[in-house]
Amino acid sequence: MFSTLFKHATSEEKLLNDVQRGDDSAMSKLYHLHVRYLTALCSRYISNDEDVKDVLQESFVKIFSSIHDFEYRGKGSVRAWMAKVTLNEALKFVRQSHNEVFYVEIDEAGYEVADEEMQTEEIPTEVLYHFIRELPEGYRTVFNLYVVEGKSHKEIAALLNVKENTSATQFRKAKMMLAQKIKQYRNDNSI
């Protein structure tokens, strides 16, 4: 009867409790469980691998220094919280390192986006990921925040300290560049 009254801790919650108690092996395990995912998250916003490593290191410093205050909210909450910390650090890096990142201009002639050009079904995920990483930093940042993170242009503007219209323009230009890359890939590969 008592066993039904007490909730059994999940392995994720147990690992969190061990980390919060200062267990070094638990910290190492938590790091290794999430480092690839968080590296991929950083790489969506930062193209230089050395900068990704620096931001990731800073993220883990923040994660481990504030994990004592984290309150477990169910399966996946630890990863979600770690991702939020890492995303904030990546955006902080973008804001601090690149003042003019949102003012890259492209010649819009020849970059009209037709819906069929954005069809990605037959294009390998790695190729799409590569195309996104090739975008200018401002375009890539807004594109990822809008498409991957599901943020509105109003939220993006607040996160990046830019005007809402700037976010929308950057997104439109990112789509134009991606459409051109997709069209070229389809032509080169007879898709």
Side-chain angles (χ1 to χ4, degrees), residues 34 36-59 62-63 79-191:
H34 300 286
R36 290 184 67 194
Y37 173 76
L38 297 177
T39 300
L41 188 151
C42 275
S43 295
R44 279 188 290 213
Y45 299 93
I46 303 165
S47 58
N48 180 290
D49 290 338
E50 290 304 312
D51 291 337
V52 167
K53 289 176 186 176
D54 290 344
V55 169
L56 195 60
Q57 180 178 355
E58 186 62 32
S59 298
K62 288 210 174 187
I63 288 165
R79 176 177 267 198
W81 173 72
M82 292 173 73
K84 184 176 181 178
V85 170
T86 304
L87 176 61
N88 287 338
E89 287 302 307
L91 294 177
K92 179 179 161 186
F93 175 84
V94 168
R95 283 190 306 266
Q96 289 177 344
S97 300
H98 308 288
N99 296 334
E100 297 181 14
V101 72
F102 296 100
Y103 301 103
V104 174
E105 291 297 324
I106 62 170
D107 179 10
E108 294 186 30
Y111 278 103
E112 294 180 31
V113 181
D115 288 339
E116 65 272 5
E117 292 174 355
M118 290 300 290
Q119 297 300 318
T120 60
E121 289 81 25
E122 298 169 343
I123 300 177
T125 304
E126 306 83 47
V127 172
L128 290 172
Y129 180 73
H130 179 74
F131 288 165
I132 293 168
R133 280 201 82 188
E134 287 181 334
L135 291 172
E137 194 162 5
Y139 298 0
R140 183 178 63 248
T141 300
V142 171
F143 183 86
N144 281 312
L145 286 170
Y146 190 86
V147 173
V148 179
E149 306 297 335
K151 304 284 186 195
S152 69
H153 288 299
K154 185 175 184 173
E155 292 170 313
I156 294 168
L159 282 169
L160 300 176
N161 196 28
V162 297
K163 293 179 183 176
E164 193 173 334
N165 187 42
T166 300
S167 174
T169 301
Q170 296 292 300
F171 179 69
R172 184 174 54 81
K173 290 180 178 182
K175 279 180 53 177
M176 288 189 295
M177 288 185 92
L178 285 173
Q180 187 64 32
K181 289 175 183 288
I182 289 168
K183 183 178 179 180
Q184 185 64 49
Y185 182 86
R186 287 182 177 282
N187 289 340
D188 293 348
N189 294 284
S190 302
I191 295 178

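No hydrogens, no waters, no symmetry mates; every other heavy atom, side chains included, goes into these values.
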Verify side-chain contact (heavy atoms from CB on, under 4.5 Å) between Ser167 and Tyr146, making sure each step is shown before the conclusion.
-> CA-CA 9 Å; Ser167 174; Tyr146 190 86; 5.9 Å; no
Checking side-chain contact (heavy atoms from CB on, under 4.5 Å) for the pair Asn144/Glu149: CA distance, chi angles, key distance, verdict?
-> CA-CA 6 Å; Asn144 281 312; Glu149 306 297 335; 5.7 Å; no
Could you go through the side-chain contact (heavy atoms from CB on, under 4.5 Å) check for Lys175 and Arg172 one step at a time?
-> CA-CA 5 Å; Lys175 279 180 53 177; Arg172 184 174 54 81; 5.8 Å; no
After noting the C-alpha distance and the side-chain angles of Leu145 and Leu91, does the key distance pass the side-chain contact (heavy atoms from CB on, under 4.5 Å) rule?
-> CA-CA 10 Å; Leu145 286 170; Leu91 294 177; 4.0 Å; yes
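Nearest heavy-atom pair, Leu135 versus Arg140, reported as atom, atom and distance to 0.1 Å: O-NH1, 2.9 Å. Among all heavy-atom pairs drawn from Ile46 and Arg133, the shortest one is O-NH2, 3.2 Å. Nearest heavy atoms, Trp81 versus Ile63: CH2-O, 3.4 Å. Ala40 and Tyr129 make their closest contact through O-OH, 4.1 Å (heavy atoms, listed as atom of the first residue, atom of the second, distance).
Side-chain polar atoms of His130 and Glu134 form a donor-acceptor pair below 3.5 angstrom.
Taking NE2 of His153 as the start and OG1 of Thr169 as the end, the distance is 8.5 Å to the nearest 0.5 Å. For the atom pair CG of Leu87 and OG of Ser59, the computed distance is 9.5 Å after rounding to the nearest 0.5 Å. Taking CD from Glu89 and CD from Gln96, the interatomic distance works out to 8.5 Å, rounded to the nearest 0.5 Å.
With Arg95 contributing its side chain and Leu160 its backbone, the two residues share no donor-acceptor pair below 3.5 Å.
Between Leu41 and Val148, the closest side-chain pair of non-hydrogen atoms is not below 4.5 Å. Within the 4.5 Å cutoff, no side-chain heavy atoms of Lys173 are placed close to those of Pro136. The shortest distance between side-chain heavy atoms of Leu178 and Leu128 does not fall below 4.5 Å.
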